[in-house]
Amino acid sequence: MGIEPDDVGYVAMPLFHSNAVMVGWAPSIVYGASVGLARRFTASGWLADVRRYRATWFNYTGKPLSYVLATPARPDDADNPLRVAFGNEGSPQVVDGFARRFGVRVIDAFGATEGAIAVNRTDDPPPGALGVAGASVKVVDEDGNERPPARFGREGTLLNAEECVGEIVNTAGVGPFEGYYNNDEANARSTRNGWYWSGDLGYLDDRRNLYFAGRTAEWIRVDGENFPAGPIEAAVARHPDVVVAAVYGVPDEQAGDQVMVALVLRDDTVFDPAGFARFVDAQPDLGPKWRPRYVRVGRVLPQTATNKVLKRTLAHEKFRRDRAGDDDLWVREPGADAFHRFAPDDEAALRKRFEVSGRARFWDL
């Protein structure tokens, strides 16, 4: 990040998180710089804080860039002292939009907290790529067999997701990682074969550009086809009204899963059931099975203290109104041109279909 003693960091993440400690605070110790500590992150107060602290760098993880970018743009947004931001999980369009609007270099990197894997973006990566993986970083199946390279269609469509997606591992070893405290099971799972198993899904192209595809628990299976949630989120996030999109699998009443997406929209917008369906259908990298069946729209999604969406909570709440609270729920029936509200009668009918199919247990998972 090119930090020098005159630089000032801005840290609004909790200091129990490694990103806040290693990217936000530690550089000030190494280079004798200063740090401004905010009590909490707010999108509306972020730029005022940056100016007040005269911050030249800041750290992030999760969705903060999306939340800030969703605030109303002002002509003087780029009039700030920021020079660089370093973090991860920013989608390509959000990273680019944030950099342009605020006049800041954004370094969105991929790496494990454990230190065993790190991939930095190249200067001109292909759309969606994290960067070029080192020789020891591979994508493998559950047995450690290397997955073949990804194949793409003319519009960037991933043609062989079930074949090329696997877990990202470091075959050179675990690096500085010493293990998880008092958790032998997690240690055994993460260090099989003497490798480091990240728990992250990804795929490599024929030039060894690495693409993130979600976590190992984020596989969705529709009509016998397996695919990851990550590429669907990237496609949905292109919608101009979407601030945050979280994609996950919910049980189908007959077999397998259906795709559900939880959305946070810009404050001055409302969900357009026909327009969103047209948008989804127009995305060249979303095949019919990848398109969301259910949509949940809320002001705030369940998340951790570091702004990571809790998909396990969303998957548990699924389309049940008694769990989703006041959030709006929508469904798109097969062949329909638009979503419609998932009303109490729809929920009752769906639950009955689960019971008739002998899958009632999935309703309560």
Side-chain angles (χ1 to χ4, degrees), residues 61 87-92 95 107-122 124-153 155-177 180 186-222 224-235 237 247-249 257 259 285-287 289-290 308 311:
T61 188
N88 52 51
E89 299 186 41
S91 66
V95 167
I107 305 171
D108 193 85
F110 172 82
T113 299
E114 294 83 349
I117 294 178
V119 178
N120 289 323
R121 289 188 190 273
T122 56
D124 189 23
L130 301 170
V132 177
S136 65
V137 175
K138 301 185 183 299
V139 173
V140 301
D141 63 19
E142 293 181 355
D143 297 321
N145 301 307
E146 193 167 358
R147 291 291 200 176
R151 292 184 287 106
F152 301 96
E155 301 291 339
T157 307
L158 182 60
L159 300 177
N160 61 334
E162 191 164 355
E163 179 185 46
C164 71
V165 174
E167 187 167 351
I168 304 169
V169 301
N170 185 356
T171 60
V174 299
F177 177 47
Y180 300 109
N187 289 330
R189 183 174 61 249
S190 299
T191 60
R192 302 192 309 276
N193 303 346
W195 301 352
Y196 172 74
W197 297 69
S198 69
D200 291 318
L201 295 174
Y203 49 97
L204 290 163
D205 64 19
D206 54 8
R207 296 184 178 181
R208 293 196 54 77
N209 288 295
L210 180 66
Y211 300 76
F212 180 67
R215 295 286 293 173
T216 50
E218 292 183 1
W219 278 99
I220 302 172
R221 184 176 180 84
V222 177
E225 180 181 337
N226 294 311
F227 48 86
I232 307 175
E233 288 182 356
V247 172
Y248 47 100
D257 304 318
V259 179
D285 47 354
L286 287 186
K289 295 178 184 179
W290 293 36
K308 290 188 177 182
K311 289 192 182 180

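In what follows, residues are counted from 1 in the order of the sequence shown. Everything numeric in this text was worked out from a predicted model, so none of it was measured.
Here the CG atom belonging to Leu159 is positioned 10.5 Å from the CG atom belonging to Asp285, to the nearest 0.5 angstrom. Separating the CG atom in Leu130 from the CZ atom in Phe212 is a distance of 8.0 Å, to the nearest 0.5 Å. One distance of note links CZ of Phe177 with OG1 of Thr191; it measures 7.5 Å at 0.5 Å rounding. Rounded to the nearest 0.5 angstrom, Trp197 CH2 and Arg192 CZ are separated by 4.0 Å. To the nearest 0.5 Å, atoms CG (Asp108) and CG (Asn88) are separated by 6.5 Å. Atom OH in Tyr248 sits 12.5 Å away from atom CD1 in Ile232 (nearest 0.5 Å).
Closest approach of Pro228 and Ala161 over heavy atoms only: CD-CB, 4.2 Å. Closest approach of Ala112 and Tyr196 over heavy atoms only: CB-OH, 3.6 Å. Closest non-hydrogen pair, Ile168 versus Leu201, comes out as CD1-O, 3.8 Å. In this structure, Val259 and Lys289 approach most closely via the heavy-atom pair CG2-O, 3.7 Å. Taking each heavy atom of Pro148 and Cys164 in turn, the nearest pair found is O-CB, 3.4 Å. When all heavy atoms of Trp195 and Gly144 are compared, the closest pair comes out as CH2-O, 3.6 Å.
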Identify each donor-acceptor pair in which a side-chain atom of residues 133-140 lies under 3.5 Å from a protein atom, sequence neighbours left out, and give them as a table.
residue: Ser136; atom: OG; partner: Asn170; partner atom: OD1; Å: 2.8
residue: Lys138; atom: NZ; partner: Ala135; partner atom: O; Å: 3.4

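Taking Glu146 as the reference, nothing meets the side-chain hydrogen bond (donor to acceptor under 3.5 Å, both in side chains) condition, with sequence neighbours excluded. Listed by chain and residue number, nothing satisfies the salt bridge (charged side-chain N to carboxylate O under 4.0 Å, His left out) test with Asp257 (two or more places apart in sequence, or in another chain). Applying the side-chain contact (heavy atoms from CB on, under 4.5 Å) rule to Ala229 yields the partners Glu218, Ile220, Val247, Lys311; only residues at least two apart in sequence or on another chain are considered. Taking the salt bridge (charged side-chain N to carboxylate O under 4.0 Å, His left out) definition, one finds that Asp205 meets it with nothing, sequence neighbours left out. The side-chain hydrogen bond (donor to acceptor under 3.5 Å, both in side chains) check on Asn187 picks up nothing, with sequence neighbours excluded.
Taking the side chain as every heavy atom from C-beta outward, Pro126 and Tyr211 approach each other to under 4.5 Å. Two residues are said to be in side-chain contact when any heavy atoms from C-beta on lie closer than 4.5 Å; Ile117 and Phe110 meet this criterion. Arg207 has its side chain out of reach of Val132: every pair of non-hydrogen atoms, C-beta onward, lies at least 4.5 Å apart.
Within the 3.5 Å criterion, the main-chain N or O of Val165 finds a donor-acceptor partner in the side chain of Arg147. Not a single donor-acceptor pair under 3.5 Å links the side chain of Asp143 to the backbone N or O of Asn145. Asn193 contributes no side-chain N or O that, together with a main-chain N or O of Thr171, makes up a donor-acceptor pair within less than 3.5 Å.
The aromatic rings of Tyr203 and Phe152 sit tilted relative to each other, their planes meeting at an angle between 30° and 60°.
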